[in-house]
Amino acid sequence: MTTDQDLPMDGQPATAVFAAKGIDVTPIKDQGVIKVVKHQGVDKERPMIGDRVTVHYTGRLLSGKKFDCSRDRKEPFCFNVGKGQVLKAWDIGVLSMQRGEVCTLLCKPEYAYGAAGNPDKIPPSSPVVFEMELLKFEGEMLTDDGGILRRIKVKGDGYTNPNDGARVDVHLEGSCGGRLFDCRDVSFTVGEAEDKGVPYGVDRALDKMQKGECCLLYLKPKYGFGSEGKPEYKVGPDKDLVYEVTLKDFQRAKESWEMDLNEKLEMSLEVKRKGNQYFKAGRHYQAIIQYQRIVSWLEMECGTGIEQQKKIQDFLLTSHLNLALCFLRTKDFSQVVENCNKVIELDESNEKALYRRGEARLHRNEFSMAMADFQKVLQVNPSNRAAHAQISICQSKIKEHHEKDKKTYANMFQKFAEWDAKVCKLTVLGYIHSSVTKEENTKSNNTKC
Amino acid sequence: MNEDQVNDIIQRWVRQQYSVPEDYQQFKSLGSTCLTECDSAQLLKFLQDEKNQTCSPDELLHSLLELIENIDPGAISETILALVPHLQTVLLRLEDRKSTYLGLALSALQKQLSRLPVPYSQQQEEDDEHGLCRCCNAMAAFTKPFVEEVKRKNGNYMTSSEDEELRTVLLKFCMRSLRDPLLEAELNRDRRSSLWLFATEIMVTLPAIQESLSELLFFNSLKKQTDNSQSKESRACLAYLLFVQLITIDSFPAVFSPVFVLQCNMEHINQLLSRYAESHLLKGLALYAKSLESVQDNSLPVSLLELKSFYSVPRVRQRESGLQLFQLFINKLDAEAKHKFFRCMLKTSNHAGVESYIVKNIRNQVDFSMQPGNANKWFLGEEFLSLLGLVLCLPQGAETDLLNTMDRIMESLNLLRYLLLRDKELRSTTDVWEELCRIKDEYLKMLRVCIGISRVHYSAELKALREDQKLKAKEARDAARSTRLVKSITVKHESNMSPEVQHQVLQSALVTFDLMESLIVRIKEITEEKNRLPQL
């Protein structure tokens, strides 16, 4: 698709071409990255910072020698632009391209491989040339379900981000279907955006934002106002939302290692209360955040003296139990099991943990394991009626599955039994077993179990 | 044996789930009296003969799979080596459900393979006593035609679910191979052993089935469903093979920034360092060193330290190579990051050796910052005071165990002495200097008290030890002189050390206290000298 007519074998003419036709795309105009456009883009859209871009590229030294090419791999190359994931020249160059554009970038070593170069491929302090084709770009997914998509309008500075418990000052503009419904300056604590009527999606996006950043967040209902909608903003149920968020300032909450144990215990009390509040209000995702903070603070602590140890243990126990319950509501069953396991590690016969783990396993169709858990519950507390009910459910599910299996395999066994190709079976087995016999006598019995 | 007897045995075998040892023996003897040499194509042809029409590849597969499930633990590699070519033939002949059966076969085979011990020395690998290396080669050969099939279909836009399933099955095979046996294996670029070649096969297969290495290694964090610990182990091994052993590095994109590569690799390094298995640890340390080397000195920003993967890694066991690596990492941090890292280490390491190492680094940084053009607030101004406060403190006040914290205290006194000798630069910010002196005075006061207490305690111990020795010697002499049995009263020893060793330890403790005291005295002298000199 691309030709090498513009890049003769020696360096001189190449740089001359760039000098004649090229544009300096660096922000500080130091001639570090010069671009020559070969084919214009198909539309005027340019990618925004953080966008996931897909390109094809060929990298060459000034001599014309190729050192890297995505087409050789038969695979386009994907990355998030403007985030320092790639060479500086790329972050600058690709942001200047339009969708469908094909161009060449001449890059000074400071914007590419620097004084060190790259051991086998690139000599020290080498300028390099990249042929680029921008195939497509899309917003950056902040969650694996694609429920929060971000496109950055203005890049922030500094490298730190707000963490859970950080205090943030933001400017928000929320719209639905093109209609602006919320426009204000607001301050809140990360993890508790709910208290100020700010959706979960915005809350979760904050820990990926830099100070001064202005971005657009595209939220699916799960991360917006869900199936309830928000009557006071006249937003109906199950609506997609778009929020423009500017992170004006923030103060990070202390890291776990920056806090001493007493501080952590004090904070855990408050945080637990907050978590319980959210749970009662049905805000399970928010409750999860709070309980997880307690776990992250205390899971590595031992405390001095029996009293402290007991406090730590109590907090961890209740946090894990509550997390298990929350995850049952959000249907995140593997997380339920994980949290119940942690409780059972601390307290073998914890009725609630066993019960909840049983529930989760039942949902995952792990019927016999679920039944074992419910039976253990009855051992601990014989009068637990719910456990009795669950056991019946397990039993009937197991029976159901056995019936299904029987039907599937019935034919197979039938066929084998009717099969009169004894010689067929014989020869297969015979051939195989005879080759095993050869080494039977010489091997040792030393295998892992 | 006649036909009826044979039929009988087969029917019995078919009805049971597992072969019973006696049956196994019988089949073996039957087998050796039947066909001895027969290549698989001929075999299959014979089986599909009109007389034997009911024997379909499906059913043959079932019996082969069953054989794999029930392999005699003593004959794992032989059985696998014998079965695999047949399996391949049968699978290639299947019309539909090929991928499903391939998946079942690979799963069953790998399960058996994982029971074989992995060789960990060159000699062991060459001997291949348990056949793991041969089996790995056989597995690679086994999967080849299926990989080729996927490659052929790669250009098409329309892929059927069958094609997708084939890709998934092969991906699963690769990932499992990475974590077992490759993660345990000892690999060396200079010695292209069987396991090295197997690793190369896996690394080549992944892009062939359109699994991008960069996606797997760098952009996998969002894919929650594959983010379990097994997948993490596989990807950590992949990172090691690519970046340390340089397998297929030529076709890996060369456009990632070194800091980004380091950041992504921290997850893999953490994974490798989280287990105590030697094979994992060595790989983790090697990957860490390699990733750090390509980063420019003094370039890593403080925000990187806030990533969980970064501040949990320093809890690396401090082995020799670990210490070198530790310093390499410190060298790559910029001034603010160093400051934060030192604070973190002083607060959390609880290890006097590590702390003393950090204090030494702090001194080097102050020295560096004093050189023209290097001034920064992290090691010269107010921010430095917060760090100093952490260095010049006794965690348990006057009751601090000086022996355990000796390394750190000596370094801290050295740092103090250094600062006082270079007071000119520091005095230029008068607030800083005053505060520094205050911290110093409080520290030294507390330290002197502590030394006093410790000295009293250890002197008493030493005296008691000597008394005890004298008593013992006297009793021995008495016992030697008289024929009566003497009941010896021994003083309870609090440790497992012999009295001689205890004596040595106590003596050297007292010497250490003397050393500390003399340093403190020297510091006081310098302070007085400086105070007497006119301010410039």
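Keep in mind that this is a model prediction, so the values were computed, not measured. The figures that follow rest on heavy atoms only: side chains count, while hydrogens, waters and symmetry mates do not. Quick note on labels: first sequence line is chain A, next is B, and so on, each numbered from 1.
When ring centroids are compared, Phe67(A) and Phe130(A) come within the 6.0 Å threshold. With ring centers used as reference points, Phe333(A) lies 6.0 Å or more from Phe327(A).
A cation-pi arrangement is absent between Arg71(A) and Phe77(A), since the terminal nitrogen or guanidinium carbon is not both under 6.0 Å from the aromatic centre and inside a 45° cone about the axis.
For a residue to count as touching a neighbouring chain, one of its non-hydrogen atoms must lie under 4.5 Å from one of that chain's; by this rule Tyr113(A) touches chain B with the side chain only. Only the side chain of Asp68(A) comes within less than 4.5 Å of a heavy atom in chain B; its backbone stays farther off. If you measure heavy-atom distances from Gln85(A) to chain B, the contacts under 4.5 Å come from both the backbone and the side chain. In this structure, chain B has no heavy atom under 4.5 Å from any part of Cys69(A).
Checked by atom type, the side-chain pair Thr143(A)/Asp145(A) shows a donor-acceptor distance below 3.5 Å.
Across Lys74(A), Lys121(A), Glu258(A), the residue that shares the most heavy-atom pairs under 4.5 angstrom with chain B is Lys121(A).
Under the 30°/60° scheme for interplanar angles, the aromatic rings of Trp90(A) and Phe79(A) are found to be tilted.
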